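Below is one structure, written out as structure tokens; comments come after it.
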Amino acid sequence: MAHHPSFNALVASWCLVLAAPFAAAGQPTVEAIQKPTYPFSQDIAQTVQATTPAQRTAAAEQAAVASSFIGDYRAALQYVDRNAPAMPTISKADSLYFLRFRPQNAREYILARAGRERIVMINEAHHVPLHRVFTLSLLAGLYQQGYRYLGAETLSEGDQGLAKRGYPVTSPTDYATNSGYYTAEPQYGNLIREALRLGFTVFAYDAFPDVPPADFARQREIQQARNIEKVLQADPTAKILIHAGYDHIREDSLGGSWGKAMAGRVKEFTGIDPFTINQEKLSEKSAPRFENPYYKLAQATEASVFQNPAGQVFAGPVGVSLFDVRVYHPPTRYHLGRPDWLLLHGRRKSHILPQRAQLGAYPCLVFAYRKEEDSRVAVAADIIELRTSQDRTALILEPGRYLLRFQARNGTTKQMPLRIK
């Protein structure tokens, strides 16, 4: 990713250097150009409070991303919804239409369909690590289906050592050596690790074209699609998974400054109709009043797609065809202060740090680095914040050896080994 000259930090006092990740369509943005110094929840809250009313919505959205970086999923949802309007209701006819569909396991449906596709595109909300965990859960099955390429929106083309190294990194001074911005969030880092472990070629496709602001959004979508097209030109038999943000996977024409989104441009340039999977429309919010009305109607206990007796899948209201399918994620249940989906159906384990092992200064961030990786630059496999001596928030990690780094808000630090059996 190239740094765009229009970048301007919203709040100079942010501990986490961010460009507005929720910027309106057509507004040039750039990801962070420095390593994020992971902020404490107190600092995030104080920064939002210090902004003017005009800045507060954007600052809250940035705070949601910052909260996700330190494993505070509840706060991430709450910040985004802080200034959001309540969702509108839908008509009785629309409700009856949706209720004709029945839930089916989303992972099974996607993997079965992916076998007859060439390009799969799945999206995320940038403050919701759940979406990254779900994409990770698809990787092994997609690899078995012949998929060998993963393109991720956040990745930096400057990190030429990613494949050999096997894990994403951050850099305190040089953006060109970062793996990306959102990869600094542990679950995004784990997604990239897993893809590399399985044998995927992981590539950067995003673009920040040096064009007038009025044409930036359109050119960004075009250049993203051209970068994906290059993979197909180099390997005409390639099967590709794209993990993108929000509306980039829309197949229709957005109009305005965007024109077609990236998915529509890929179809235009390559002739391949991508299989587009939306995760963020049917995901939970911080409170029911903010949730999509179809989300409230859904009755499912696992990640699901909805299929009617004729075999059609629910892709949105009648007459709306933005995506091929929408994935429903049920409300999160919490386990030792952490979302249950982090456990990956038992693949990962919870670990509560005994008080005698803690730093003794609070609040304290705890970073868990894989033992075989360079902890000076690696993205942590998990991060939590312990706010008091009574805090029993658990780390959630795969079995293996780790180096724990404790960092208190007062500057005190400590390191210790950890083994998860």
Side-chain angles (χ1 to χ4, degrees), residues 21-22 31-32 36 38 64-77 80 106-107 110-111 120-143 147 149-156 162 166-170 178-198 200 202-206 241-249 276-284 302-303 326-330 332 338-345 347-348 368 370 378-384 395-398:
F22 296 79
E31 315 300 3
Y38 295 86
V65 174
S67 297
S68 76
F69 275 42
I70 60 170
D72 196 345
Y73 179 62
R74 280 194 182 96
L77 297 180
V80 162
R107 183 176 176 276
I110 290 168
L111 293 178
V120 173
M121 295 184 175
I122 188 166
N123 75 350
E124 70 165 33
H126 292 316
H127 65 294
V128 180
L130 163 63
H131 298 153
R132 297 158 187 170
V133 172
F134 182 73
T135 298
L136 185 155
S137 77
L138 299 172
L139 290 177
L142 288 172
Y143 194 84
Y147 288 80
Y149 296 88
L150 168 65
E153 180 180 317
T154 187
L155 287 176
S156 167
L162 178 61
Y167 58 91
V169 296
T170 61
N178 281 352
S179 299
Y181 177 70
Y182 293 114
T183 49
E185 187 277 312
Q187 302 315 317
Y188 214 139
N190 289 332
L191 168 62
I192 300 303
R193 278 189 188 89
E194 179 72 356
L196 293 168
R197 185 189 70 81
L198 288 168
F200 280 85
V202 178
F203 69 97
Y205 73 87
D206 205 352
L241 171 64
I242 298 294
H243 185 92
Y246 294 103
D247 280 345
H248 294 295
I249 70 163
T276 52
I277 305 161
N278 182 286
Q279 294 196 84
E280 47 94 17
K281 296 294 185 185
L282 296 183
S283 284
E284 68 187 330
E302 62 182 356
R326 300 189 185 201
V327 170
Y328 166 85
H329 289 290
T332 294
R338 308 297 302 283
D340 59 350
W341 38 262
L342 285 172
L343 293 166
L344 269 177
H345 304 288
R347 177 172 164 177
R348 297 172 180 165
R370 293 174 182 265
V379 174
D382 196 17
I383 303 173
I384 58 172
L395 288 164
I396 297 185
L397 299 163
E398 292 186 8

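Everything numeric in this text was worked out from a predicted model, so none of it was measured.
Across all non-hydrogen atoms, the minimal contact from A184 to V379 is O-CG1, 3.7 Å. Heavy atoms only, all atoms of each residue included: A152 and Y205 are closest at C-CE2, 3.5 Å. Closest of all the heavy-atom pairs between L344 and S137 is CD2-CB, 4.3 Å. Minimum interatomic distance between A204 and S156 (heavy atoms only, all atoms of both residues): CB-C, 4.0 Å. Nearest heavy-atom pair, A106 versus V327, reported as atom, atom and distance to 0.1 Å: CB-CG1, 4.0 Å. Contact detail for G189 and P168: the closest heavy-atom pair is CA-CG, 3.6 Å.
With no hydrogens or angles considered, a side-chain donor-acceptor pair links E124 and H243 at under 3.5 Å. Looking at H127 and S68, their side chains never bring a donor and an acceptor atom within 3.5 Å of each other. When only modelled atom types and interatomic distance are considered, H329 and E284 share no side-chain donor-acceptor pair under 3.5 Å.
Side-chain atoms of I249 and I122, non-hydrogen and from C-beta on, never get closer than 4.5 Å to each other. Looking at L111 and L142, their side chains come closer than 4.5 Å, going by heavy atoms from C-beta outward. Contact of the F203 side chain with the L150 side chain is not registered, since no non-hydrogen atoms from C-beta on lie closer than 4.5 Å. At least one side-chain heavy atom of E398 sits under 4.5 Å from a side-chain heavy atom of R370. Within the 4.5 Å cutoff, the side chain of V128 has no heavy atoms near those of the V80 side chain. Counting only heavy atoms from C-beta outward, the side chains of Y182 and V65 approach each other to under 4.5 Å. Taking 4.5 Å as the limit, some side-chain heavy atom of I277 sits within range of a side-chain heavy atom of I110. Contact annotation: the side chain of F134 approaches that of Q279 to within less than 4.5 Å [non-hydrogen atoms, C-beta and beyond].
Formation of a donor-acceptor pair under 3.5 Å by the S179 side chain with backbone atoms of V169 is found in this model. Y167 places no side-chain N or O within donor-acceptor distance of the main-chain N or O of L196, the cut-off being under 3.5 Å. The backbone N or O of G180 lies less than 3.5 Å from no partner atom in the side chain of N178, so there is not a single donor-acceptor pair.
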Q187 vs L342, side-chain contact (heavy atoms from CB on, under 4.5 Å): CA-CA, chis, key distance, verdict: CA-CA 9 Å; Q187 302 315 317; L342 285 172; 3.5 Å; yes
Carefully, step by step, assess I192 and V202 under the rule side-chain contact (heavy atoms from CB on, under 4.5 Å). CA-CA 8 Å; I192 300 303; V202 178; 4.2 Å; yes
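Note that the OG1 atom of T183 and the CZ atom of R132 stand 9.0 Å from one another [nearest 0.5 Å]. Going from atom CZ of R338 over to atom CD1 of I384 covers 6.5 Å, rounded to the nearest 0.5 Å. To the nearest 0.5 angstrom, Y73 atom OH is 5.0 Å from L130 atom CG. Rounding to the nearest 0.5 angstrom, the gap separating the CG atom in N190 from the CD atom in E185 is 8.0 Å. Taken to the nearest 0.5 Å, the CD atom of E280 stands 6.5 Å off from the OH atom of Y246. Atom CD1 in I242 sits 12.5 Å away from atom CG in N123 (nearest 0.5 Å).
Judged as a side-chain contact (heavy atoms from CB on, under 4.5 Å), and not counting sequence neighbours, the contacts of L343 are H335, S350, I396.
Between E194 and R347 a salt bridge is recorded (basic side-chain N to carboxylate O distance below 4.0 Å). Contact check on R348 versus D382 returns no salt bridge, with no Lys/Arg side-chain nitrogen under 4.0 Å from an Asp/Glu carboxylate oxygen. Of the charged side-chain nitrogens involved, none lies within less than 4.0 Å of a carboxylate oxygen, so that E302 and R107 do not count as a salt-bridged pair.
If you look at F69 and Y181, their ring centroids are closer than 6.0 Å. Between F200 and Y147, the ring center distance fails the sub-6.0 Å criterion.
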